[in-house]
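Below: one structure, written as structure tokens.
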Amino acid sequence: MSSSPPFRLSRRRLAAWYTGVMSLILIAGSYAIYRLVVHARWMHLERGMQQMAIVLERRLQPMLEQPGQIDLSQGEQLPGLCVKDMPCFSSARPEPFITQLQTELDDMSSLAKDRYCIRFLDLAGNPVATLSIPQTNTSCTSKKFWKWLRDGDREHYHQKRYPLHTLNHDEWGTLQIARSLNTLDIYLLGVELTLLGLLLLAIALVGYASWWLAGMAMQPVQQSYERMQQFTADAAHELRTPVAAIRAMVQAALRSSELSPEEVNATLQTVDRQSQRLSRLMQDLLVLSQLEQDKETHTRKICDLSLLLKDVIDEFQGIAINAQLQLRLELQTAGPVHVLGQPEQLHRAVANLVSNGIQYTPAGGQVTVQLLNEATYEATIRVKDTGVGISPEAQSKIFDRFYRVDKERSRHSGGAGLGLAIVQAIVHAHKGTVHVESEPGRGSVFTIRLPVLLVL
Ligand code: ADP
């Protein structure tokens with residue numbers, strides 16, 4: 001559907017709002033997922049460090065006989081151990097202690113491949129020794145490292161302190177473990193990139209869906225706007241004709257210096273006729289607009305359809321006789337048929353159909369109004385004529401506003417093409433249906449079905 005600029009703009013705005021709001025929700029959701037992942041990995045990391053502290057304490061306890069002192073006789077068992085003011089112990093081959101430690105940690109933590117810097121602090125908090133895992137991690141002895149927790153490769157470390165005990169369960173001092181965040185950083189970078197990719201994809205999909213949804217949402221609004229525009233244009237066009245006729249007559253009368261009484265009379269009659277047409281048109285427009293807004297200007301009453309139809313027949317009998325037509329009422333019901341509604345409106349709907357029937361039936365023809373009670377829950381009103389009929393193509397349009405099959409003929413009779421639109425609006429307001437069956441040259445049958453009021 002091609003749309004006009006204001007609708008395109010509204011659609012763009014609506015889509016932008018949808019996308020914006022959905023993007024915010026998606027971003028907030030992704031951020032929450034990211035924080036949960038970070039939290040879980042962080043807990044994992046700290047649990048690993050705690051396990052490392054437990055394992056180390058268990059393994060080191062034979063070397064920790066005196067508080068704040070390490071038994072150096074077993075130092076070579078710990079490659080990477082650097083005791084203060086002593087050369088560091090090192091070994092070219094993997095030592096059983098470290099291998100076992102790694103194996104134990106591997107079982108406990110998937111992040112066990114990280115680098116560790118471990119410091120042993122005595123009870124006064126002074127460093128006694130450092131331990132590097134792996135042995136090549138030379139940063140551990142540097143004071144700068146322990147200040148900034150960053151090694152020579154600029155890797156970040158996370159540190160925690162754990163109490164250390166001697167073999168006799170006395171306090172030995174503190175074990176300070178710093179663990180590299182490299183693996184965690186790489187893992188989180190992977191998570192960030194994956195989430196970002198998914199987020200961008202989701203936003204793109206949301207954007208596309210929003211554009212489509214905004215189009216769907218705008219469609220009925222645009223259709224109703226177009227109908228309104230068409231209605232306004234048609235109404236203005238219809239109103240212009242009688243106004244132009246009145247102005248032309250009045251101006252002609254004003255221009256001529258002397259008018260005979262017959263001319264004055266003719267002018268006034270034209271003005272009166274056009275004013276009536278104007279007033280009828282405005283009244284029709286008002287009725288339609290009230291029906292459209294579903295304004296209950298009258299309270300609903302119980303209407304006896306037989307009486308209502310008799311009234312209509314009485315009203316049009318004189319006109320039918322003048323047009324040399326037979327106007328008949330056929331009540332084919334067992335008893336009275338009641339509906340709940342607005343009698344004036346229902347009267348108007350049937351009157352419009354009868355008026356059309358008379359208007360479009362040549363002299364000598366017949367217009368019949370029938371009331372039937374075919375089903376217990378609904379009443380049927382049929383207005384049949386033996387007139388000119390309506391072509392199949394026109395039948396689908398005659399209920400449209402301002403639609404006239406023969407414009408000249410309708411205009412001549414003062415019709416603006418609103419009569420059947422009003423009938424349809426009234427019937428729909430009474431939860432009924434109206435349809436037409438017709439054959440050109442043989443006549444038409446308009447059928448109204450209304451839900452009946454079941455009087456118990
Ligand atoms: P109008 O007030 O101009 O008659 P309506 O809405 O009542 O407008 O009718 C729309 C058109 O339907 C008319 O212009 C006419 O051509 C056609 N029409 C309505 N009723 C009949 C009928 N009984 N027989 C033939 N044509 C009809």
Side-chain angles (χ1 to χ4, degrees), residues 227 230-231 233-242 245 273-274 276-289 291-292 309 312-313 315-316 319-320 322-330 345-370 380-429 433-448:
R227 269 203 307 273
Q230 186 62 45
F231 181 69
D234 289 342
H237 180 79
E238 289 302 326
L239 289 168
R240 206 175 52 193
T241 316
R273 214 173 33 250
Q274 296 299 345
Q276 277 180 27
R277 189 172 161 193
L278 254 183
S279 137
R280 215 170 30 242
L281 188 59
M282 286 188 316
Q283 209 184 342
D284 283 355
L285 288 173
L286 202 66
V287 168
L288 266 179
S289 116
L291 284 166
E292 187 135 278
L309 296 186
V312 177
I313 297 291
E315 188 183 323
F316 281 90
I319 302 171
N322 278 347
Q324 296 166 29
L325 296 173
Q326 234 186 38
L327 176 62
R328 286 189 300 147
L329 173 65
E330 290 176 7
Q345 284 189 359
L346 289 173
H347 182 102
R348 187 186 197 109
V350 182
N352 280 6
L353 293 182
V354 173
S355 160
N356 278 352
I358 294 174
Q359 196 181 322
Y360 295 103
T361 305
Q366 279 180 14
V367 176
T368 313
V369 179
Q370 291 179 328
T380 307
I381 300 168
R382 277 208 187 101
V383 180
K384 290 183 182 179
D385 66 57
T386 54
V388 293
I390 306 161
S391 69
E393 311 83 66
Q395 282 176 32
S396 57
K397 298 184 196 143
I398 52 171
F399 292 100
D400 292 351
R401 291 163 183 199
F402 298 109
Y403 179 81
R404 287 166 300 201
V405 179
D406 180 350
K407 286 203 169 36
E408 269 321 298
R409 185 175 173 159
S410 290
R411 182 161 293 140
H412 184 70
S413 64
L418 288 176
L420 290 179
I422 291 176
V423 173
Q424 191 178 49
I426 291 173
V427 172
H428 285 175
T433 58
V434 56
H435 76 272
V436 63
E437 287 161 274
S438 182
E439 213 178 307
R442 303 199 61 172
S444 314
V445 182
F446 284 86
T447 309
I448 294 178

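Atoms within each ligand, like the ligands themselves, are counted from 1 in listed order. These numbers come from a predicted model, not from an experiment.
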Taking the basic N atoms (NZ, or NE/NH1/NH2) and the acidic carboxylate oxygens, is any pair closer than 4.0 Å for Glu238 and Arg401?
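Salt bridge absent between Glu238 and Arg401.
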
Does the distance from a Lys or Arg side-chain N to an Asp or Glu carboxylate O, for Arg348 and Asp284, drop under 4.0 Å?
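Yes.
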
Report, in ascending order of atom number, the atoms of ligand 1 lying under 4.0 Å from any heavy atom of [X].
{"X": "Tyr403", "value": "10 (C), 11 (C)"}
{"X": "Ser444", "value": "24 (N)"}
{"X": "Val405", "value": "14 (O), 16 (O), 17 (C)"}
{"X": "Gly389", "value": "25 (C)"}
{"X": "Arg404", "value": "3 (O), 14 (O)"}
{"X": "Gly417", "value": "1 (P), 2 (O), 3 (O), 6 (O), 8 (O)"}
{"X": "Phe446", "value": "20 (N), 23 (N)"}
{"X": "Ala416", "value": "2 (O), 3 (O)"}

Pick one of side chain, backbone, both or neither for how [X] approaches ligand 1, counting any non-hydrogen atom pair under 4.0 Å.
{"X": "Phe399", "result": "neither"}
{"X": "Val423", "result": "neither"}
{"X": "Ser438", "result": "neither"}
{"X": "Ile390", "result": "side chain"}

Any atom of ligand 1 sitting under 4.0 Å from a heavy atom of Gly387?
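The answer is no: ligand 1 sits nowhere under 4.0 Å from a heavy atom of Gly387.
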
Geometry only, no angles: is [X] polar-contacting ligand 1 at N/O separations under 3.5 Å?
{"X": "Ala421", "answer": "no"}
{"X": "Gln359", "answer": "no"}
{"X": "Tyr360", "answer": "yes"}
{"X": "Val388", "answer": "no"}
{"X": "Gly419", "answer": "yes"}

Check: Asn352 side chain, Val423 main-chain N or O, donor-acceptor pair, under 3.5 Å
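No, Asn352 side chain to Val423 backbone: no donor-acceptor pair under 3.5 Å.
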
Got a donor-acceptor contact below 3.5 angstrom from the Thr386 side chain to the Gly443 backbone?
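No: the side chain of Thr386 does not pair with the backbone of Gly443.
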
For Glu393 against Lys397, the heavy-atom pair lying closest together
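The pair with the smallest heavy-atom distance is O-CG, 4.0 Å.
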
Passes side chain to side chain contact (heavy atoms under 4.5 Å, CB included), Val445 versus Val436? Steps please.
CA-CA 6 Å; Val445 182; Val436 63; over 6 Å; no

Check the side chains of Gln395 and His435 for a donor-acceptor pair under 3.5 angstrom, ignoring hydrogens and angles.
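Short answer, no.
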
Go through Arg382 and Phe446 one step at a time and tell me if the side chain to side chain contact (heavy atoms under 4.5 Å, CB included) criterion holds.
CA-CA 6 Å; Arg382 277 208 187 101; Phe446 284 86; over 6 Å; no

Run Phe316 and Ile358 through side chain to side chain contact (heavy atoms under 4.5 Å, CB included) and show every step you take.
CA-CA 9 Å; Phe316 281 90; Ile358 294 174; 3.9 Å; yes

Check step by step if side chain to side chain contact (heavy atoms under 4.5 Å, CB included) holds for Thr380 and Ile448.
CA-CA 6 Å; Thr380 307; Ile448 294 178; over 6 Å; no

Sub-4.5 Å side-chain heavy-atom contact between Leu285 and Phe231:
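The answer is yes, as the side chains (C-beta and beyond) meet within the 4.5 Å cut-off.
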
